[in-house]
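Input: a single structure, listed below in structure tokens.
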Amino acid sequence: MTVFGDYSRYYDLLYRDKDYIGEVQFIHQLIQSHAPNSLDILELGCGTGHHAALLAQQGYKLHGIDVSQEMLDCAFKRRSQLTTEIASNLQFTQGDICQVRLNQQFDVVISLFHVISYQTTNADLQAAFATAKAHLKPNGIFIFDVWYGPAVLTTPPAVRVKRLEDETTQITRIAEPVMYPNENCVDVNYNIFIKDKTDFAITEITETHKMRYLFKPELEILLANSQLGIYNYQEWLTNQNASLETWNVYFLASN
């Protein structure tokens, strides 16, 4: 079972307040600005397929890759609820983004919601970037977002509590971070308490998600090793310049 094993069952509820529609519109605008004739997208780390389904509704053909079969099960369920026309533009494959090869190239490769920051070693980062390069058509673009190092060091992560519920389930998630500054990594230790509102049973899930915060100079080197260059980088969703207060920064690379 992957790190998102048990977590996957409640993932969409936990991120019900995430602005997926706004994020997909932002990605669409980036594509239209930098690669306007793009038709097909490879998503590395597609999770439960929320971004993918919305991009398919924008008219793109999208192939999502994720290492977690549990997350992909959610993505397949989501696809089954779409119209036949839109569902036909969606494909999902189980695989490690550091290793997978589809023998196909795409106009755009994306990796969203800090998937690249889950690659915590230089070797894994290099492998993930090699995967992006291998699947990009000439003059294709690669869009990914990360935990931005300057902001993480300026405003270190703190304990956070998140509470959400729907008709049947009430969730409390406690996130306790532990920083490893010599590794540029943070362990985010999750304790998740799930209350069934029908029988009041409470289930506890504990998971640790190791995250790497990243800096532009190291990304330049790692991307260059895969013959990719940084074309642009800005604050996620706002397109403002990245700053010491910008935890979430997207990078747009090209071959």
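In this text the structure is predicted, and so the values were computed from the model without any measurement.
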Are E218 and L125 close enough that some pair of their side-chain heavy atoms sits under 4.5 Å apart?
no
Side chain proximity check, N191 to E204, heavy atoms < 4.5 angstrom:
yes
If you count the non-hydrogen atoms of other residues, nucleotides and ligands that lie under 6.0 Å from [atom1] in [X], is the total more than 12?
{"X": "Q81", "atom1": "CD", "value": "yes"}
{"X": "F193", "atom1": "CZ", "value": "yes"}
{"X": "K61", "atom1": "NZ", "value": "no"}
{"X": "L153", "atom1": "CG", "value": "yes"}

Cluster question for you: counting only ILVMFWY and a side-chain heavy-atom cut-off of under 4.5 Å, with indirect links fine, are [X] and [Y] together?
{"X": "W147", "Y": "L252", "answer": "yes"}
{"X": "F106", "Y": "F142", "answer": "yes"}
{"X": "I65", "Y": "I141", "answer": "no"}

Under the salt bridge (Lys or Arg N to Asp or Glu O under 4.0 Å) test, which residues partner [X], sequence neighbours left out?
{"X": "E165", "answer": "K197"}
{"X": "D17", "answer": "K162"}
{"X": "R79", "answer": "none"}
{"X": "E220", "answer": "K216"}

Using ring pair (Phe, Tyr, Trp, His ring centres under 6.0 Å) as the criterion, list what pairs up with [X], not counting sequence neighbours.
{"X": "F251", "value": "F144, Y233"}
{"X": "H50", "value": "Y20"}
{"X": "F113", "value": "Y15"}

Using the test side-chain hydrogen bond (donor to acceptor under 3.5 Å, both in side chains), find all partners of D19 that sit at least two apart in sequence or belong to another chain.
none
List the residues meeting side-chain hydrogen bond (donor to acceptor under 3.5 Å, both in side chains) with K18, not counting sequence neighbours, and say none if there are none.
E23
Listed partners of [X] passing side chain to side chain contact (heavy atoms under 4.5 Å, CB included), at least two apart:
{"X": "E167", "result": "none"}
{"X": "P157", "result": "V152, P177, M179, V186, W247"}
{"X": "D187", "result": "V178, Y180, N189, T208, K210"}

Verdict with supporting geometry, R212 and D124, salt bridge (Lys or Arg N to Asp or Glu O under 4.0 Å):
CA-CA 11 Å; R212 178 158 170 180; D124 283 349; over 6 Å; no
Return yes if a side-chain donor-acceptor contact under 3.5 Å exists between [X] and [Y], otherwise no.
{"X": "E70", "Y": "S68", "result": "yes"}
{"X": "Q25", "Y": "Q58", "result": "yes"}
{"X": "S243", "Y": "E235", "result": "no"}
{"X": "T198", "Y": "D196", "result": "yes"}
{"X": "N239", "Y": "Y250", "result": "yes"}

What do the steps show when you test Q126 against S226 for side chain to side chain donor-acceptor pair (under 3.5 Å), and what is the final call?
CA-CA 7 Å; Q126 191 70 79; S226 294; 3.1 Å; yes
Salt bridge or not between R16 and D166? Use side-chain N to carboxylate O under 4.0 Å.
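No.
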